[in-house]
Each structure stands twice: as structure tokens, then as C-alpha cells.
Q: 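Take this structure first; my questions come after.
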Amino acid sequence: MATGVPKIDELKSLGNPLEDAKRAAAYRAVDENLKFEDHKVIGIGSGSTVVYVAQRIGQYLHDPEYSDLTSKFVCIPTGFQSRNLILDNKLQLGSIEQYPRIDIAFDGADEVDEHLQLIKGGGACLFQEKLVSTSARTFIIVADSRKRSPKNLGRNWRQGVPIEIVPSSYVRVKNDLLEQLHAEKVNIRQGGSAKAGPVVTDNNNFIIDADFGEIIDPRNLHKSIKLLVGVVETGLFIDNASKAYFGDSNGAVEVMEK
Ligand SMILES: O=C[C@H](O)[C@H](O)[C@H](O)COP(=O)(O)O
């Protein structure tokens, strides 16, 4: 690796084991998957782990050995936070309308099962994340190792499947999830102390978190939820990711691949 881009095994701890784990996964994922000659359009996801993806790509941009190629990269965001990550790291911003075909996308996940199916949307960004990740030829997940389910989705992530819905449909969707799809618990996600009332997504919608317990068949569950009137998208990402990088606080990274 060229001078200028910090070497992974020489990185100093950030003083927070979880952040060290996230950084380890993100840096490795970028170094092993970003092909400077082939990849021109890059999807940048949302959340706290993908912060280190944008940071790593930014490090390559500032390294004279890579900057010619890296400065031609166009990065496609998955929401407001992601857009700022791109701008803060001085990367070139593009839109999915301009670049409907993405070469590679990186994003975090809330849970990853043994078949690389995902729950996403813990940060309420699932719709644009799905638009970007399903438009990408290669989709790579970066996460700390807590996100790896020992088997099925719903084991580690107990908050429920995030579902983006049109605001006026919230009562109808809630009832349908409980009565037709037998969800155990359904909540309209609230802003908490930061906002009185529901969370409003980057697309001006609401988020419902629907707990189905352990999810044996995520593909069918996704399809059934999508058929409900009012549902924009679900946080179940099916057959979408090709690899997941799970970081540990000691810098070790495990890679799960299809
Ligand atoms: O809506 C948020 C996204 O799906 C995130 O990618 C997901 O919640 C993982 O975020 P983090 O990297 O902060 O755990």
C-alpha cells in the first residue's frame, strides 16, 4: 500500500472497542473489494460503520498514488447522513437518477444470517439503501461481530423488522401486520427525546418495527409484508449482499461469502 494510506495493522486504537471493530471491518472491506480501475460508481450506505468506509476511500483520494483514479469515483448516497459522509470526505457526490447502475456498494447491517440475508433500517434509512444496494453489481456489508446471527434473523436483533410506510397508512399497516401476518409486536418508531412523535424518514415516511420472533423464511416474510397497502419497503434484504465483513475489537475480521 502507498504511503499516505494508513496500514491496517499499524492503526492506533480509537479508544473504544466497538469503534475499533467497525473500523477494522470497513477498512478491510474497502481494501479487499474496491478495484480502482473497474469501479467508478460507488454506493455509500448509512449508519455508524459505513462512516469508516467513506473515511477509507477518502484516504485513498488524498494519496497521490491513487488520487487520479479516486478523484473520478462518483459516490451515490443512501440518505442525508450518507450524503454528508461523501461530502465530508471530499468525495464526488452523484445521484441514483444520474447513475442508476452502481459498480459496488458498501453498507452496514443490523443482523446478518447464515445465508447472508439481512435486517437493515435500524437507522431508518432502508428504502434508499435498498434502491442503491439492488442497483449495485456487488454489495458488501460491514459490521461489528455482534451483527452476525448464529442462525436465523431475529435472534440478535430483537427490535423487529423495520418497515417504511406511507404515514397515513400506519393504523392499517399495524393492524394487518398483527392480524394477517401474526407479528408478535408492532411499534411505530418514535423520535424519543429528540422528537415528539414518530421518526420521519428521508423520504417523509414513517417506520414501523414489527417483531416476528425468529424468522425462519425471510424471503416469504418480505414478500408478504410488501403486499400490504401502505408499505413502501421492508428492512429484509434478500439475496442482495455478496459478502459480509465482521470486525472485532482486536482488529480481527471474519469474512462471510456466498
Ligand atoms: O437504517 C440504517 C441502516 O440500515 C444501517 O446500515 C444499519 O442500521 C446498521 O447501522 P450501524 O452500522 O450503525 O450498526
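Since the model is a prediction, treat every value here as computed from it, not as a measurement. One-based numbering, in listed order, for ligands and for the atoms of each.
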Q: Where does A109 meet ligand 1, judged by heavy-atom distances below 4.0 Å: at the side chain, the backbone, both, or neither?
A: backbone

Q: For ligand 1, is there an N or O atom under 3.5 Å from any N or O atom of C125?
A: yes

Q: Counting non-hydrogen protein atoms only, what is the nearest one to atom 14 (O) of ligand 1? Give residue, atom name and distance.
A: K147 NZ, 2.5 Å

Q: What's the shortest distance from atom 8 (O) of ligand 1 to any protein heavy atom, and which residue and atom give it?
A: D110 OD1, 2.7 Å

Q: In the protein, which heavy atom is nearest to atom 5 (C) of ligand 1, and how far is it?
A: S46 O, 3.3 Å

Q: Contact between ligand 1 and K22 is defined here as a heavy atom of the residue under 4.0 Å from a ligand atom; is it met?
A: no

Q: For atom 10 (O) of ligand 1, what is the nearest protein heavy atom, given as residue, atom name and distance?
A: G47 CA, 3.9 Å

Q: What part of D107, side chain, backbone, both or neither, has a heavy atom within less than 4.0 angstrom of ligand 1?
A: side chain

Q: Can you classify the ring geometry of F139 versus F237 as parallel (below 30°), tilted (30 to 60°) or perpendicular (above 60°)?
A: tilted

Q: With a 4.0 Å heavy-atom cut-off (strictly under), which part of A124 contacts ligand 1: side chain, backbone, both or neither?
A: backbone

Q: Looking at atom 3 (C) of ligand 1, what's its closest protein heavy atom, distance included?
A: E129 OE2, 2.9 Å

Q: Can a salt bridge be assigned to the pair R148 and E111 using a cut-off of 4.0 Å between side-chain N and carboxylate O?
A: no

Q: Any heavy atom of G45 closer to ligand 1 than 4.0 angstrom?
A: no

Q: Identify the closest protein heavy atom to atom 12 (O) of ligand 1: which residue and atom is it, and at what distance?
A: T49 OG1, 2.6 Å

Q: Test your reading of the structure: does L126 have an N or O sitting under 3.5 Å from an N or O of ligand 1?
A: no

Q: Please list the nearest protein heavy atom to atom 2 (C) of ligand 1 with its residue and the distance rounded to 0.1 Å.
A: G123 N, 3.1 Å

Q: Regarding atom 13 (O) of ligand 1: of the candidates G79, G235, S48, which has the closest heavy atom?
A: S48

